[in-house]
Amino acid sequence: MMSQEQNDLITRTGPKDPCGKLMRSYWQPAALVDELEGARPIRPVKLLGENLVLFRDETGRYGLIDRHCAHRGADLAFGRLEHGGLRCAFHGWLFDASGQCIETPAEPKDSKLCQNIRQRSYPVVEKSGILWAYLGEGEPPAFPEIDCFVAPGTHTFAFKGHMACNWLQALEVGIDPAHASYLHRFFEDEDTSTAYGKQFRGASAGSDMPMTKILREYDRPIINVEHTEYGLRLIALREIDEERTHVRVTNQLFPHGFVIPMSTEMTITQWHVPVDDENCYWYAIFTSYTNPVDKQKMRDQRLELYELPDYVSRKNHSNDYGFDPHEQQTATYTGMGTDINVHDQWAVESMGAIQDRTKEHLGTSDKAIVQYRRLLRQEIEKVSGGEKPMLFLDEANARSIQGPATMDGIGPTRGWETYWMEVDVRRRRGAPWTAPVPKDIADNVHRLTAAE
């Protein structure tokens with residue numbers, strides 16, 4: 001358990017909050033590139049508690065500025081895109097992508113008023129299907145050379161979804177290997193050949209055993225947590241028998257992301273981004289190491305659940321997440337359908353808008369969550385003291401963070417320590433794009449053996 005003060009420290013992300021200052025040290029997903037497609041590329045955005053408007057001007061330049069006009073506070077999300085910027089529909093004041101006011105048409109012709117008017121603005125870059133914003137001070141950091149940023153656009157697909165809760169409890173479900181054996185339990189296994197685009201439905205590497213069967217029948221994983229340059233590496237071991245062990249390697253990507261295997265050919269890199277302290281979006285980049293991603297299929301699958309324009313789940317608190325007691329008896333552990341995003345959403349939203357951690361009781365299986373919270377407090381303290389936090393990279397060091405390695409497969413009970421590395425290296429070497437082999441893995445794998 002922790003005190004209320006400690007809970008506030010690690011959950012609150014406003015501009016003046018210590019955790020908010022930490023979050024502003026990193027690029028944040030602000031929108032999907034898809035959201036600014038069409039004839040009117042303007043979207044209201046709330047990010048880290050700040051009300052902003054995102055737009056793309058006629059030259060293709062992105063702007064992210066205060067949502068309320070510097071004149072008299074009208075909503076710029078209803079503005080007009082013209083003459084090199086975003087024009088307020090109230091009095092016609094025009095702002096460019098940097099937030100500079102460039103016209104005040106209702107003023108006298110010789111007025112120089114606009115020269116000293118500037119909306120607060122933040123830099124925006126496009127990367128892997130996501131528009132990223134930097135809300136911090138000074139020069140923004142470089143992006144790490146992780147797989148989802150290195151892979152070509154043909155081999156990545158980005159999507160997002162809304163959760164009505166604090167970012168931290170949404171993140172923590174992703175670094176909890178034990179919950180998948182319960183929350184995502186299916187009582188019957190599906191045909192793994194139809195698993196494309198669906199998490200936990202395919203077969204594990206090195207076998208034809210469905211992941212649903214492994215999670216259901218081996219529900220007491222041994223969890224190892226390792227500290228890395230990018231956050232934490234989690235290794236969950238489920239012993240099948242004396243000869244075989246299921247190994248699942250996932251990663252916490254500091255400050256609020258994780259990288260997990262989706263299938264033998266794909267990984268998911270996901271961030272849980274605070275809208276405000278009681279809402280967040282998950283942004284995910286799916287990265288393929290084999291064929292180009294079937295983006296239309298992936299999008300169609302997800303739009304069965306998520307409703308545009310705000311990417312809100314059709315199954316939510318208002319309709320009990322589609323809960324069916326008969327299904328809970330016969331088909332799934334939750335009775336909430338087969339989409340694991342619904343399961344996760346119920347779990348984290350049911351904790352309340354901000355989980356009250358003064359009442360929780362953690363166990364051995366929560367060791368990754370304990371380690372992450374310590375790391376989070378440590379990095380908040382560093383930023384409060386004027387230091388740069390971990391993973392705040394400059395261009396010279398961006399390549400130092402690669403991968404990270406993930407794995408989901410059945411290997412030898414004796415020798416699993418190198419087996420998972422060999423599987424990851426083999427996948428990288430076989431990729432049609434140059435997938436870097438992380439140095440810590442390369443140093444330990446000199447040749448492919450057990451994985452072959």
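The chain is numbered in sequence order, starting from 1. The model shown is predicted, which means the values in this text are computed figures rather than measured ones.
For the pairing with His162, the ring-ring contact (aromatic ring centres under 6.0 Å, His included) check across Tyr281, Tyr283, Tyr311 returns one residue only, Tyr281.
Within a 6.0 Å sphere centred on OH of Tyr182, heavy atoms belonging to other residues, nucleotides or ligands number more than 12. In the displayed structure, Arg299 atom CZ is contacted under 6.0 Å by more than 12 heavy atoms of other residues, nucleotides or ligands. Around atom CD of Glu139, no more than 12 heavy atoms belonging to other residues, nucleotides or ligands sit under 6.0 Å away. More than 12 heavy atoms of other shown residues, nucleotides or ligands fall within 6.0 angstrom of atom CD in Glu103. Environment of CD in Glu381: sparse, with no more than 12 heavy atoms of neighbouring residues, nucleotides or ligands closer than 6.0 Å. No more than 12 heavy atoms of other residues, nucleotides or ligands sit less than 6.0 Å from atom NE2 of His83. Arg40 CZ: more than 12 foreign heavy atoms inside a 6.0 Å radius. Taking a 6.0 Å sphere around CD of Glu137, one finds it holds 12 or fewer heavy atoms contributed by other residues, nucleotides or ligands.
The closest side-chain heavy-atom distance from Arg220 to Arg238 is not below 4.5 Å. Between Gln355 and Leu168, every side-chain heavy-atom pair lies at or beyond the 4.5 Å cut-off.
Ring orientation note: the planes of His184 and His179 are nearly perpendicular, at an angle over 60° on the 30°/60° scale.
Under the 6.0 Å distance and 45° angle rule, Arg302 does not count as a cation-pi partner of Tyr306.
Residues Trp132 and Phe143 bring their aromatic ring centres within 6.0 Å.
A donor and an acceptor atom, one from each side chain of Gln345 and Asn341, are nowhere located under 3.5 Å apart. Remark: the Tyr321 side chain and the Asn316 side chain contain no N/O donor-acceptor pair separated by less than 3.5 Å.
Applying the salt bridge (charged side-chain N to carboxylate O under 4.0 Å, His left out) test to Asp147 and every residue at least two apart in sequence or in another chain returns Arg428. The salt bridge (charged side-chain N to carboxylate O under 4.0 Å, His left out) search around Asp344 returns none, not counting sequence neighbours.
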For the pair Met262 and Thr267, evaluate side chain to side chain contact (heavy atoms under 4.5 Å, CB included) and give the outcome as yes or no after the intermediate values. CA-CA 5 Å; Met262 179 178 180; Thr267 59; 5.9 Å; no

Go through the steps for Tyr419 and Met407 under the test side chain to side chain contact (heavy atoms under 4.5 Å, CB included), then give the verdict. CA-CA 10 Å; Tyr419 166 76; Met407 217 283 289; 3.5 Å; yes

I would like to know whether Met266 and Met298 meet side chain to side chain contact (heavy atoms under 4.5 Å, CB included); could you show each step before the answer? CA-CA 12 Å; Met266 235 184 256; Met298 295 281 281; 4.0 Å; yes

Assess the residue pair Ser25 and Val383 against the criterion (side chain to side chain contact (heavy atoms under 4.5 Å, CB included)); give the C-alpha distance rounded to whole Å, side-chain angles, the decisive distance to 0.1 Å, and a yes or no. CA-CA 9 Å; Ser25 299; Val383 170; 4.1 Å; yes

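The shortest heavy-atom contact between Asp57 and Gly84 is OD2-O, 4.2 Å. Nearest approach of Pro274 to His256, heavy atoms of both residues: CD-CD2, 4.0 Å. For the residue pair Ala142 and Ala398, the shortest heavy atom distance occurs at CB-CB, 4.0 Å. Closest of all the heavy-atom pairs between Ala97 and Phe55 is CA-CZ, 3.7 Å. A pairwise comparison of heavy atoms in Leu94 and Gly85 identifies CD1-C, 3.6 Å as the closest pair. For the residue pair Val425 and Ile441, the shortest heavy atom distance occurs at CG2-CG2, 3.6 Å.
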